[in-house]
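First the structure, in the form of structure tokens, and then the observations on it.
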Amino acid sequence: MAKGAATFSYLTTLVYSAKAGAPERAVAEHIKTAFTKPADTKPEMAAKKVPGQVAKEPLHRLVQTRRKDDNRKAAVKQCKRYWADNYSQGATRECDEYPFATTYEGAAQPDYDPDAKKFNFSVKPVAKADNGAAGSLLLGFYAKNRLIDGLEDGFLVQVTS
């Protein structure tokens, strides 16, 4: 008798709410704009199409600290470029980035992948509380769905209204 196991390809979906009162609302609205009106996002890029919307272009969890830091630095550089050094308005706002700094598709992706398009991400200063709430949801999503580091385990993002 043959022995073995079956595996199934499955993409989980992280859901953020853009409804009034949702703690992550500002981040959800930022992602929605990146999905639906990429030309309205910063940094500017003519052919911007951020990943994470469809199964053929999912996001992938990144655990490596240095690369996550590089993603954040690249995002903050663009927040400062477009909104100046005081984009944080006295620490009440943070530079939100999509794709997330905790993904391989983050802002520094072209530094690691020569085939990646430069500026194929979006940044926007958002309320610190909203960014924190969205980050907590993301970390909980990673844990709940047991997403592992690497390109074998992708996920999608959905914004509800």
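The figures that follow rest on heavy atoms only: side chains count, while hydrogens, waters and symmetry mates do not.
More than 12 heavy atoms of other shown residues, nucleotides or ligands fall within 6.0 angstrom of atom NZ in K42. The 12-atom threshold is not exceeded at NZ of K128, counting heavy atoms of other residues, nucleotides or ligands nearer than 6.0 Å.
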* Decide side chain to side chain contact (heavy atoms under 4.5 Å, CB included) for K68 and R72; before the verdict, give the C-alpha distance in whole Å, the side-chain angles of both, and the deciding distance to 0.1 Å. => CA-CA 6 Å; K68 287 191 292 188; R72 285 189 182 94; 3.8 Å; yes
* Evaluate the ring pair (Phe, Tyr, Trp, His ring centres under 6.0 Å) criterion for residues Y104 and Y112: first the C-alpha distance (whole Å), next the side-chain angles of each, then the deciding distance (0.1 Å), finally the verdict. => CA-CA 9 Å; Y104 280 86; Y112 293 87; 8.7 Å; no
* **Derivation of the side chain to side chain contact (heavy atoms under 4.5 Å, CB included) call for Q78 and C95** => CA-CA 9 Å; Q78 295 304 315; C95 185; over 6 Å; no
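Of the possible polar contacts, one joining the N71 side chain to the T103 backbone as a donor-acceptor pair under 3.5 Å is found. Checking side-chain atoms of E97 against main-chain N and O of A101 turns up a donor-acceptor pair under 3.5 Å. A donor-acceptor contact shorter than 3.5 Å is absent between the side chain of R93 and the backbone of V126. A donor-acceptor pair under 3.5 Å is absent between the side-chain atoms of Y16 and the main chain of V157, judged by distance alone. Under a 3.5 Å cut-off, the side chain of N131 and the backbone N or O of D96 do not form any donor-acceptor pair. A donor-acceptor pair is defined here as one N or O able to donate and one able to accept, closer than 3.5 Å; such a pair exists between the side chain of D130 and the backbone of A26.
Using a 3.5 Å distance cut-off with no hydrogens or angles, the side chains of Y98 and T41 do not pair a donor with an acceptor.
The distance from atom NZ of K32 to atom OG1 of T160, rounded to the nearest 0.5 Å, is 9.0 Å. C79 contributes atom SG, which lies 10.5 Å from atom NZ of K124 (distance to the nearest 0.5 angstrom). Distance check: T102 OG1 to Q64 CD gives 13.0 Å after rounding to the nearest 0.5 Å. Atom CG of L11 sits about 9.5 Å away from atom CG of L147, to the nearest 0.5 Å. The distance from the OH atom of Y142 to the CG atom of L62 is 8.0 Å, given to the nearest 0.5 Å. Once rounded to the nearest 0.5 Å, the distance linking CG of L14 with CD1 of I31 reads 7.0 Å.
Contact check for V76 versus Y87: side-chain heavy atoms found under the 4.5 Å cut-off. Counting heavy atoms from C-beta on, the side chains of L156 and L59 never come closer than 4.5 Å. Two residues are said to be in side-chain contact when any heavy atoms from C-beta on lie closer than 4.5 Å; R25 and K19 fail this criterion. At a threshold of 4.5 Å between non-hydrogen side-chain atoms, the residues K48 and P43 count as touching.
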What pairs of donor and acceptor atoms, side-chain ones from residues 113-121 against any protein atom, are under 3.5 angstrom apart with sequence neighbours left out?
{"from": "D113", "atom 1": "OD1", "to": "D115", "atom 2": "N", "distance (Å)": "2.9"}
{"from": "N120", "atom 1": "OD1", "to": "K49", "atom 2": "N", "distance (Å)": "2.9"}
{"from": "N120", "atom 1": "ND2", "to": "K49", "atom 2": "O", "distance (Å)": "3.1"}

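The aromatic rings of F155 and F100 lie parallel to each other, with less than 30° between the two planes, well short of the 60° mark.
For the pair A107 and A75, the tightest heavy-atom approach, listed with the atom from each and the gap, is CB-N, 3.8 Å. Of all non-hydrogen atoms in P58 and G154, the two that sit nearest each other are CB-CA, 4.1 Å. Taking every heavy atom of both residues into account, S17 and A22 meet most closely at O-CB, 3.5 Å.
Both L139 and L137 sit in one connected hydrophobic cluster of ILVMFWY residues. Membership requires side-chain heavy atoms under 4.5 Å apart, directly or through other members. Note on V27 and F35: same hydrophobic cluster, where clusters join Ile, Leu, Val, Met, Phe, Trp and Tyr whose side-chain heavy atoms are under 4.5 Å apart, directly or indirectly.
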